Amino acid sequence: MVIMRWSESLIRTLREAPREAEAVSHKLMLRAGLVRRLAAGLYTYLPLGLRVIRKVEQIVREEMGKQGALELLMPTLQPRELWEISGRWDDKELGMLKLKNRENREFALSPTHEEIITDLISREVRSYKELPLNLYQIQTKFRDEMRPRFGIIRAREFIMKDAYSFDVDEESARRSYEKMYEAYSNIFRRCGVKARVVEADPGSMGGEKSEEFIVLADRGEDIIVSCSECDYAANMEGAQRKEEDEKGQEKAKPLEEIETPEIRTIKELKSFLKEAPEQMIKTLIYQTAEKTFAVLISGDREINEIKLKRLLGCEHLQMADAETVEKVTGAPLGFSGPVGLKGIGIIADQGVTKIINGITGANKKDRHIRNVNIGRDFHPDEVADISYVREGDKCPRCSGGLTIGRGIEVGHIFNLGKKYSRVLKATFLDKEGKEKEVVMGCYGIGVSRMVAAIVEQNYDSEGIIWPREVSPYQVHLLLLNARDPNTVEVANRIYEELIGAGIEVLLDDRNEQAGSKFKDADLLGIPLRLTVSSKRVSERKIEIRNRRDGEECVIATEEILNKVKELIKTEQVKNNRRLSKVI
RNA sequence: CGGGGUGUAGCGCAGCUUGGUUAGCGCGCUUCGUUCGGGACGAAGAGGUCGGCGGUUCGAAUCCGCCCACCCCGACCA
């Protein structure tokens with residue numbers, strides 16, 4: 001029998017959070033006695049915390065299973081040789097922790113398992129008849145993080161679910177990818193978190209397409225742009241915005257050259273001319289391996305070089321040095337402008353088209369020009385979205401307001417293509433007997449991190465509010481007058497009855513003050529709280545309270561089981577309804 | 001790895017500027033008594049290499065140097 005009596009457990013709550021904790025989830029997880037820190041980024045999951053981990057794992061297993069994925073378990077320690085084949089042994093980005101055994105053989109503590117699983121498949125799969133396959137594991141991963149943060153959110157050692165799909169062709173691989181997308185949506189909903197999907201850069205994983213599932217939270221490691229009206233979300237690099245529709249009604253005035261001694265930056269120009277930066281056309285000279293060109297952007301915005309690179313389809317891009325600027329514009333740094341600029345291409349950010357009677361450099365030392373207008377005074381070769389978005393910009397999908405905040409990456413799905421199957425020779429024979437490379441995908445979920453993400457989205461001033469399916473227990477049974485034998489007896493009977501019905505109950509049988517028990521119950525955050533007190537016992541009644549909305553009712557003791565079952569069901573419905581809205 | 005901050009009892013903190021008895025406070029913990037529906041009260045107790053090492057000094061939690069740990073910002077990021 002699993003111990004579910006507080007007096008026999010190891011649940012140690014803290015009234016105050018240790019100084020080390022800053023993030024809400026970190027503080028609450030320490031205070032509620034879910035985890036304890038061993039060293040930076042290394043945590044022990046106490047019994048209560050482990051129960052939550054197991055709940056998340058269970059949901060993951062069920063949803064993966066529904067999509068036909070099979071669970072397996074691969075070694076944590078992996079030989080160098082395999083990583084040499086994929087060329088990732090020296091990949092700094094993975095943060096591999098490398099070590100040697102006593103015979104000086106080199107190993108790594110696995111940061112991820114593409115190499116191992118692809119090697120496995122290369123040995124086991126021969127025919128197209130054996131595909132598709134989706135294999136996953138839930139296992140401890142190591143990453144030698146430069147900077148672990150936010151408690152369990154960015155840890156050195158963490159629990160991760162990683163899945164790998166193997167298909168005969170791109171078409172089939174796309175279906176496998178969609179299945180995982182579906183599984184992930186279900187997993188996050190059941191875990192009680194609202195996740196936003198963000199297009200991501202595949203980075204060191206390689207491959208063609210990847211999407212991140214991000215949980216919006218005050219403390220997260222990623223900067224996320226999200227819409228407050230719809231589900232749109234993106235990282236800073238990829239975020240787009242809708243440009244204001246209407247152009248001002250102001251009439252174009254004639255050009256006017258003005259003297260601006262030693263005034264080079266937007267900031268200086270602003271205080272010198274007393275004009276708003278939105279009126280200024282910032283002109284920057286960029287260089288790639290092949291060419292030099294000018295980039296125009298509104299004075300109040302910043303150029304997003306990632307977007308610019310994508311537009312140009314180039315790898316390397318840099319700002320031109322002072323000498324080059326002088327050569328192409330005829331003026332020193334700080335006085336560049338598009339008017340009269342010859343011999344180089346001009347790319348304008350979309351916002352520039354809305355500037356009427358703008359101010360820009362005159363391409364002459366200590367001179368700027370006023371009343372510059374696009375179409376009349378200069379003609380960009382290309383107009384595109386090449387700026388970073390800002391707080392308050394319009395959502396590209398629904399025109400709602402964009403917010404810049406933080407998020408926690410809890411899931412990431414990749415379409416890997418043949419990157420690994422090619423080098424590790426994972427091939428099969430197709431219907432025609434031709435040898436082909438397997439098309440792969442990989443799909444991660446940070447299980448331990450998910451627990452922190454859940455807390456970040458489910459708490460109040462008193463403590464955690466567990467979504468039903470991940471709560472360590474379903475019912476928190478408070479025994480108030482632990483010295484009154486009659487009350488104790490009733491509490492025990494209810495405890496046995498609920499447990500007998502398969503409901504997970506935590507019985508707070510400590511001989512503590514009522515106030516302490518209530519406070520701890522709020523801190524722990526179990527969805528249903530039952531209070532057994534001598535006062536109510538004499539009336540043959542018991543109190544039930546919902547942790548999330550504080551709703552309370554008093555019912556007869558013999559109705560408890562039915563009532564609890566009903567409330568558990570209701571709680572699930574509420575969870576789903578809550579998550580269908582944008583958070 | 002760069003910048004900033006913090007290390008004093010299990011947790012939160014004071015003391016350090018201006019060196020000087022047995023290093024304090026709140027919470028928690030132990031025992032006894034009274035309490036008992038939103039973190040009770042009284043009494044008695046246990047618990048400290050003041051992060052470490054070295055230096056200055058008659059004397060260091062306090063001044064100086066080096067190191068370590070942890071947290072925050074950045075770079076980086078399954």
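By convention in this document, chain letters (A, B, ...) are assigned in the order of the sequence lines, proteins followed by strands, and residues within each chain are numbered from 1. The structure presented is a predicted model; accordingly, all values stated were derived computationally and were not measured.
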Participant: Would you indicate which nucleotide in B/G38, B/A40, B/G39 comes nearest to any side-chain atom of A/E462?
Facilitator: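 Output: B/G38.
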Participant: Using the side-chain heavy atoms of A/E22, tell me which of these nucleotides is nearest: B/C71, B/C11, B/C36.
Facilitator: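 The closest nucleotide is B/C71.
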Participant: For the pair made of CZ in A/R31 and P in B/G39, what is the distance, rounded to whole Å?
Facilitator: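 About 14 Å, once rounded to whole Å.
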Participant: What about the rings of A/F213 and A/Y181, do their centers lie closer together than 6.0 Å?
Facilitator: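 So the answer is yes for these two rings.
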Participant: Counting just side-chain N and O atoms, does A/R149 come under 4.0 Å of either OP1 or OP2 of B/C73?
Facilitator: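 Answer is yes, contact under 4.0 Å.
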Participant: Can you tell me which nucleotide in B/C70, B/C72, B/C77 comes closest to the side chain of A/F150?
Facilitator: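 Looking only at heavy atoms from C-beta outward on A/F150, the closest nucleotide is B/C72.
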Participant: Nearest to the side chain of A/D522, heavy atoms from C-beta on, is which of B/C73, B/C70, B/G38?
Facilitator: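 Nearest listed nucleotide: B/G38.
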Participant: With distance as the sole criterion, do the side chain of A/R529 and the base of B/G38 form a donor-acceptor contact below 3.5 Å?
Facilitator: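 When only heavy-atom distances are counted, A/R529 does reach the base of B/G38 through a donor-acceptor pair under 3.5 Å.
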Participant: Measure the distance from CH2 on A/W6 to C1' on B/G39 and round it to the nearest whole Å.
Facilitator: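 A/W6 atom CH2 is separated from B/G39 atom C1' by 12 Å.
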Participant: Could you give the CD-to-P distance, from A/E145 to B/A75, as a whole number of Å?
Facilitator: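 From A/E145 CD to B/A75 P: 15 Å.
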Participant: May I ask you to decide whether A/R154 forms a salt bridge with A/E221, counting only side-chain N to carboxylate O separations under 4.0 Å?
Facilitator: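 Yes.
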Participant: What's the CZ-P distance between A/R154 and B/A78, to the nearest Å?
Facilitator: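 A/R154 atom CZ is separated from B/A78 atom P by 8 Å.
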Participant: I want to verify a distance call: between B/A78, B/C76, B/G39, whose nearest atom is closest to the A/M146 side chain?
Facilitator: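 The answer is B/C76.
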Participant: Regarding A/L14, tell me which of base, sugar-phosphate or nothing describes its non-hydrogen contacts under 4.0 Å with the strands shown.
Facilitator: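 Counting heavy atoms under 4.0 Å across all strands, no contact is made by A/L14.
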Participant: Do A/Y136 and A/N134 get their side chains close enough for a donor-acceptor pair, meaning under 3.5 Å?
Facilitator: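 No pair is found: no donor N or O on one side chain lies under 3.5 Å from an acceptor on the other.
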Participant: Among B/G74, B/G26, B/G39, which is the nearest nucleotide to the side chain of A/K519?
Facilitator: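 Ranking B/G74, B/G26, B/G39 by closest atom to the A/K519 side chain puts B/G39 first.
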Participant: Nucleotide by nucleotide, 5' to 3', does protein get under 4.0 Å of the base (B), only the sugar-phosphate (S), or neither (-) in nucleotides 43-52 of chain B, counting heavy atoms?
Facilitator: ----------
Participant: Are A/Y232 and A/Q240 linked by a side-chain donor-acceptor pair shorter than 3.5 Å?
Facilitator: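 No - no donor-acceptor pair under 3.5 Å links their side chains.
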Participant: Without decimals, in angstroms, what is the distance between A/M74 CE and B/A78 P?
Facilitator: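 From A/M74 CE to B/A78 P: 18 Å.
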Participant: Provide the distance between the two P atoms, one in B/G42 and one in B/A14, to the nearest whole Å.
Facilitator: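 Pairwise P distance, B/G42 against B/A14, rounds to 25 Å.
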Participant: So which nucleotide from B/G39, B/C36, B/C71 ends up closest to the side chain of A/S516?
Facilitator: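 Of the candidates, B/G39 comes closest.
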Participant: Take the protein atom CZ of A/R449 and the nucleotide atom C1' of B/C77, then report the distance between them rounded to whole Å.
Facilitator: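 Interatomic distance, CZ of A/R449 to C1' of B/C77: 9 Å.
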Participant: Tell me the interatomic distance from A/R19, atom CZ, to B/C27, atom P, rounded to whole angstroms.
Facilitator: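 My rounded result for the distance is 19 Å.
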Participant: Just how far, in rounded Å, is P of B/C1 from CZ of A/R147?
Facilitator: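 Roughly 15 Å, once rounded to whole Å.
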